[in-house]
S.K.: 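Once you've had a glance at the structure underneath, I'll fire off some questions.
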Amino acid sequence: MKVRTRFAPSPTGYMHIGNLRTALYEYLIAKSCGGDFLLRIEDTDQKRYVEGSTDIIYNTLKTVNMNWDEGPDIGGNYGPYVQSERKSIYKEYAEKLVELGGAHYCFCGAREEESEEDDKVPTKFKDPCKNISLEEAKARVAAGEPYTIRQTINKKGISHFHDEVYGDIEIDYDELDEGVLLKTDGLPTYNFANVVDDHLMEISHVVRGNEYISSTPKYNLIYETFGWTPPVYVHVPQVMKDAQHKLSKRNGDASFQDLVAKGYLPEAILNYIALLGWNPGTDKEIFSLEELKQCFTVERLNKSPAIFDIVKLTWMNGCYIRELSAEKFHELAMPYYEQHLTRRLNLQLLSSVLQPRIETLKDIISQTDFFENLPEYNLDLYVNKKMKTDTEVAKKTLVLSLDILKTVDDWKNEVLFEQLKNLAVANELKNGQVLYPLRIALSGKETTSGGATEIAAILGKDETLNRIEQALQKLG
RNA sequence: GGUCCCAUCGUCUAAUGGUUAGGACAUCACCCUUUCACGGUGGUAAUAUGGGUUCGAAUCCCGUUGGGAUCACCA
């Protein structure tokens, strides 16, 4: 049987990191063995629908290169791939399930939300409509009475199923809730739609969050009643924000697009989340999507929840930035330069200075601010014990540096560095006594990306001389 | 509350009865050095807990504790 997996998000606004990880695992399961990966939009709750969501889903999958073989936009042999367009299919199967005894018509109104205050524990819903005869129910439906179709669970005993990650799970049929399968509006709930669609679309492996473990026996019951074969189940643990809370939109936690906006590279994000709950069994940590396809196996999926660690993602992003070609890095940095820097600078050199030092593209902003405007700084900055400088030394060496720099025409880092090193030697000074004060004069900051001569080279001759003169004035 | 699930350094994890419990991030120290960063070297740091089983347990079993999930006309 061909391996077919699906990513089935609801279009509710944005791409959650946990969802993206689920999609990745689905993609890898299919692609590691030449199977199909498809995209299905689960929009059966029209109340939660958010305009533009499907584009976010498409764009996210495209930017991380997870291409789907079938989907709403490209079609396929199992369409339509949007659940709201499959309404008649669900109705047909729901009615069939009623005939088979796996469901019944229900005329109870929607259950009222229990107020949080009275701490009554949730109890299983006992549906009185279960006892209405099929004939009577059909008559009421024909008469136009609003109805839902609910799952009927008469089975007793223990249900068993196997999960690829959690192993064998046993749940008592008594625990199962006779949930609504087809809503009053004629649309199915997830509980029904996923079963019908996964079967009709010949999905072989269902990957989803482990919060579905407890309802899986209900789905199996539906498969059983229809005489269908259930898929292979792969329940994956949650991605957590901390030990108590899972990552959620409600807490304003990072989504894929938020992370990209914060300067993280899509490849790095994907690499990081692949390792949240899965490991290759080796020490290798940097994986391209292609490499993941080669070595991914469900056996190495983890059972326990994983906390999303932005610090480690940041490190990994730094690795990806350093691996970029100089050209590519410059291209990615350019929008940040354009937005934050107006001064004429040697941007190529700036990129080469920045690339090994930053961890997210957004770091560019804080690392380059002093180029635009020399910040106010305290003269204490010139005092550095290790460099053996203080304001007196600074005054002296800046004068010397200014003189020599005025004569330099070939304004390149190597040339500047050579000149100033020679100057230090000629005056029996340590390199640091010349270079440290110069860097302070040019940047006004205690630490900077790049050394004094690199900064000078980036700034250009005019502004460099200008800032040295300003510094000398400041030093009196 | 019922039911189900989970439990190794702060974090992500490796070790499928025998390891000085390994790696990575973070952190600390040192080296490199034109500040910072990169890079390099080294250090601190974990089997939640109590019982079994076994020659031997992080690993298997039971209890305890802690955490999570679920019990919607949401997915």
Side-chain angles (χ1 to χ4, degrees), chain A residues 8-10 12 42-45 47-48 106 108-111 113-114 119-125 146 148-150 163 166-167 169-172 174-177 179-185 187-191 193-194 208-217 235 237-238 240 242-246 272 275-285 299-300 302-316 318 322 353-359 367 381 384 386-387 417 420-421 424 430-432 434-436 438-440 443 445-455:
Chain A
S10 327
T12 55
E42 307 218 327
D43 60 344
T44 56
D45 184 2
K47 291 188 294 293
R48 298 209 307 164
C106 171
C108 304
R111 277 215 270 168
E113 288 201 22
E114 289 147 16
D119 48 324
K120 65 176 171 185
V121 279
T123 45
K124 249 187 74 185
F125 177 61
T148 61
I149 292 180
R150 269 185 195 277
D163 180 82
Y166 288 92
I169 308 273
E170 298 186 350
I171 293 172
D172 198 308
D174 269 349
E175 293 296 323
L176 272 27
D177 195 53
V180 170
L181 266 21
L182 203 70
K183 300 184 277 184
T184 313
D185 64 6
L187 252 15
T189 60
Y190 168 86
N191 298 321
N194 90 89
R208 52 157 79 120
N210 66 6
E211 68 267 30
Y212 290 98
I213 286 180
S214 42
S215 40
T216 296
H235 286 96
Q238 301 287 340
M240 308 291 283
D242 55 50
Q244 275 75 38
H245 310 280
K246 61 179 184 175
Y272 176 71
L275 264 24
L276 264 190
W278 177 84
N279 77 83
T282 67
D283 286 345
K284 185 174 161 70
E285 287 198 292
E299 290 76 36
R300 299 207 67 93
N302 252 34
K303 286 190 233 274
S304 28
I307 298 173
F308 182 86
D309 183 7
I310 191 81
V311 176
K312 182 145 187 179
L313 169 61
T314 304
W315 164 79
M316 190 171 277
R322 273 171 260 130
V353 164
L354 252 22
Q355 189 174 358
R357 281 168 238 265
I358 62 171
E359 293 192 299
Q367 293 298 302
L381 274 190
N384 186 303
K386 198 179 159 201
M387 294 295 120
F417 186 56
L420 294 176
K421 221 164 73 175
K430 291 182 55 114
N431 283 353
V434 175
L435 294 166
Y436 191 89
L438 178 59
R439 196 177 54 77
I440 301 300
S443 69
K445 288 180 116 178
E446 188 173 10
T447 62
T448 56
S449 287
T453 61
E454 283 166 320
I455 292 169

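In what follows, chains are A, B, ... by sequence order, proteins preceding strands, each numbered from 1. Everything numeric here is computed off the predicted structure, so don't read it as measured data.
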S.K.: Indicate, yes or no, whether a donor-acceptor pair under 3.5 Å links the base of B/rC73 to the side chain of A/Thr189.
M.R.: no
S.K.: Closer than 4.0 Å, any side-chain N/O of A/Ser215 to the OP1 or OP2 of B/rC71?
M.R.: no
S.K.: Between B/rC61 and B/rC5, how many Å separate the two P atoms, rounded to a whole number?
M.R.: 12 Å
S.K.: So what does A/Gly450 hit on the nucleic acid, given a heavy-atom distance under 4.0 Å: a base, only sugar-phosphate, or nothing?
M.R.: base
S.K.: To the nearest Å, give me how far apart CD (A/Glu285) and P (B/rA24) are.
M.R.: 8 Å
S.K.: Find which nucleotide of RNA chain B each of A/Ile307 and A/Arg357 is nearest to by heavy atoms, and output the residue with the more 5' nucleotide.
M.R.: A/Ile307
S.K.: Indicate, yes or no, whether a donor-acceptor pair under 3.5 Å links the base of B/rA26 to the side chain of A/Lys312.
M.R.: no
S.K.: Mind checking A/Ala452 for me? I need base, sugar-phosphate or nothing, with any heavy atom below 4.0 Å counting as a touch.
M.R.: base
S.K.: Can you tell me the Watson-Crick or wobble partner of B/rU64, both distances under 3.5 angstrom?
M.R.: B/rA48
S.K.: State whether the distance check finds a donor on one side and an acceptor on the other, under 3.5 Å, for side chain A/Arg439 versus base B/rU34.
M.R.: no
S.K.: Reckon A/Met387 touches a base, only the sugar-phosphate, or nothing at all at heavy-atom distances under 4.0 Å?
M.R.: sugar-phosphate
S.K.: Quick one: which of B/rA26, B/rU33, B/rC74 gets closest to the side chain of A/Lys47?
M.R.: B/rC74
S.K.: Could you state the atom-to-atom distance from CG of A/Leu176 to P of B/rA72 in whole Å?
M.R.: 12 Å
S.K.: List the atom of A/Ala306, the atom of A/Leu276, and the distance in Å for their closest heavy-atom pair.
M.R.: CB-CD2, 3.6 Å
S.K.: Just call it for A/Phe308: base, sugar-phosphate, or nothing, with non-hydrogen atoms closer than 4.0 Å on any strand.
M.R.: nothing
S.K.: Nearest whole Å is fine: how far is B/rA24 P from A/Trp278 CH2?
M.R.: 18 Å
S.K.: Looking only at atom C1', what distance separates B/rA26 and B/rC73, rounded to whole Å?
M.R.: 47 Å
S.K.: When you check the phosphate oxygens OP1 and OP2 of B/rA14, does a side-chain N or O of A/Asn302 lie under 4.0 Å from one of them?
M.R.: yes
S.K.: Is A/Arg322 close enough to B/rG39 that one of its side-chain N or O atoms is under 4.0 Å from OP1 or OP2 there?
M.R.: yes
S.K.: Determine, answering yes or no, if A/Phe417 is stacked on B/rU34 under the 5.5 Å centre rule and the 30° plane rule.
M.R.: yes
S.K.: How far, in whole Å, is B/rC55 from B/rA69 if one measures between their P atoms?
M.R.: 43 Å
S.K.: Sort out the partner of B/rU41 for me: Watson-Crick or G-U wobble, both distances under 3.5 Å, none otherwise.
M.R.: B/rA29
S.K.: Rounded to the nearest angstrom, tell me the gap between atom CZ in A/Arg300 and atom C1' in B/rU16.
M.R.: 10 Å
S.K.: Out of B/rU3, B/rG23, B/rC6, which has the shortest distance to the side chain of A/Glu175?
M.R.: B/rU3
S.K.: Touch check for A/Thr453, heavy atoms < 4.0 angstrom, all strands: base, sugar-phosphate only, or nothing?
M.R.: base
S.K.: I need the minimum non-hydrogen distance between A/Thr184 and A/Pro146, along with the two atoms involved.
M.R.: CG2-CB, 3.9 Å
S.K.: How close do A/Arg439 and A/Gly450 get, counting heavy atoms only, and between which atoms?
M.R.: CD-O, 3.8 Å
S.K.: Listed by chain and number, what are the salt bridge (charged side-chain N to carboxylate O under 4.0 Å, His left out) partners of A/Glu454, not counting sequence neighbours?
M.R.: none
S.K.: Does the side chain of A/Arg150 get closer than 4.0 angstrom to OP1 or OP2 of B/rC73 through an N or O atom?
M.R.: yes
S.K.: When you compare the side chain of A/Lys312 with that of A/Glu285, does any pair of heavy atoms fall below 4.5 Å?
M.R.: yes
S.K.: Please name the nucleotide paired to B/rU8 by Watson-Crick or G-U wobble geometry with both distances under 3.5 Å, or report none.
M.R.: none
S.K.: Roughly, in whole Å, what's the span from CE in A/Met240 to C1' in B/rG10?
M.R.: 16 Å
S.K.: With a 4.0 Å cut-off on heavy atoms, is A/Gln238 in touch with a base, just the backbone sugar-phosphate, or nothing at all?
M.R.: nothing
S.K.: Regarding A/Gln244, tell me which of base, sugar-phosphate or nothing describes its non-hydrogen contacts under 4.0 Å with the strands shown.
M.R.: sugar-phosphate
S.K.: Do the side-chain N or O atoms of A/Lys284 get closer than 4.0 angstrom to the phosphate oxygens (OP1, OP2) of B/rG23?
M.R.: no
S.K.: Answer with base, sugar-phosphate or nothing: what part of the nucleic acid does A/Thr148 contact at a heavy-atom distance below 4.0 Å?
M.R.: base
S.K.: If we take the P atom in both B/rU54 and B/rU47, what is their distance in whole Å?
M.R.: 26 Å
S.K.: Within the structure shown, what part of the strands sits under 4.0 Å from A/Tyr272 by heavy-atom distance: base, sugar-phosphate, or nothing?
M.R.: nothing
S.K.: Counting any heavy atom closer than 4.0 Å, what does A/Gly281 reach on the DNA or RNA strands: base, sugar-phosphate only, or nothing?
M.R.: nothing
S.K.: What distance do A/Ile455 atom CD1 and A/Ile440 atom CD1 have between them, rounded to the nearest 0.5 Å?
M.R.: 8.5 Å
S.K.: Please compare A/Asn384 and A/Leu313 by the position of their nearest nucleotide in RNA chain B and report the one closer to 5'.
M.R.: A/Leu313
S.K.: Is B/rA69 paired to anything, Watson-Crick or G-U wobble with both distances less than 3.5 Å, and if yes, which nucleotide?
M.R.: B/rU3
S.K.: Just call it for A/Ser304: base, sugar-phosphate, or nothing, with non-hydrogen atoms closer than 4.0 Å on any strand.
M.R.: sugar-phosphate
S.K.: With a 4.0 Å cut-off on heavy atoms, is A/Thr314 in touch with a base, just the backbone sugar-phosphate, or nothing at all?
M.R.: nothing
S.K.: Under 6.0 Å from the NZ atom of A/Lys421, do we count more than 12 heavy atoms belonging to anything else shown?
M.R.: no
S.K.: Has the side chain of A/Tyr212 got a donor or acceptor that lies under 3.5 Å from a partner of the other kind on the base of B/rA69?
M.R.: no
S.K.: Mind checking the P distance from B/rG43 to B/rU35? Whole angstroms is fine.
M.R.: 27 Å
S.K.: In this structure, how many angstroms lie between the C1' atom of B/rA24 and the CG atom of A/Asp309, rounded?
M.R.: 11 Å
S.K.: Choosing from B/rU34, B/rC74, B/rU13, which nucleotide comes nearest the side chain of A/Leu435?
M.R.: B/rU34
S.K.: Roughly how many Å apart are B/rA57 and B/rA21, using the P atom of each and rounding to a whole number?
M.R.: 13 Å
S.K.: May I have the distance from A/Lys445 (atom NZ) to B/rU35 (atom P), rounded to whole angstrom?
M.R.: 17 Å
S.K.: Please determine whether a side-chain nitrogen or oxygen atom of A/Asn210 lies at a distance below 4.0 Å from atom OP1 or OP2 of B/rA69.
M.R.: no
S.K.: If we take the C1' atom in both B/rA48 and B/rA7, what is their distance in whole Å?
M.R.: 7 Å
S.K.: Among the nucleotides B/rU34, B/rA72, B/rA26, which one has an atom lying closest to any side-chain atom of A/Val311?
M.R.: B/rA26
S.K.: Can you find a side chain N or O atom of A/Lys246 that sits less than 4.0 Å from OP1 or OP2 on B/rG68?
M.R.: no
S.K.: By the 4.0 Å heavy-atom rule, please label A/Ile169 as base, sugar-phosphate, or nothing.
M.R.: sugar-phosphate
S.K.: So what does A/Thr447 touch, heavy atoms closer than 4.0 Å: a base, only the sugar-phosphate, or nothing?
M.R.: base
S.K.: Closest approach to the side chain of A/Arg48, judged atom by atom: which nucleotide of B/rA24, B/rU34, B/rC74 is it?
M.R.: B/rC74
S.K.: Report the residue from A/Lys246, A/Gln238, A/His235 that forms a side chain to side chain donor-acceptor pair (under 3.5 Å) with A/Glu211.
M.R.: A/Gln238
S.K.: Can you identify which nucleotide, out of B/rA75, B/rU70, B/rU34, has its nearest atom closest to the A/Ser214 side chain?
M.R.: B/rU70
S.K.: Taking the P atom of each, how far is B/rA24 from B/rA58, in whole Å?
M.R.: 24 Å
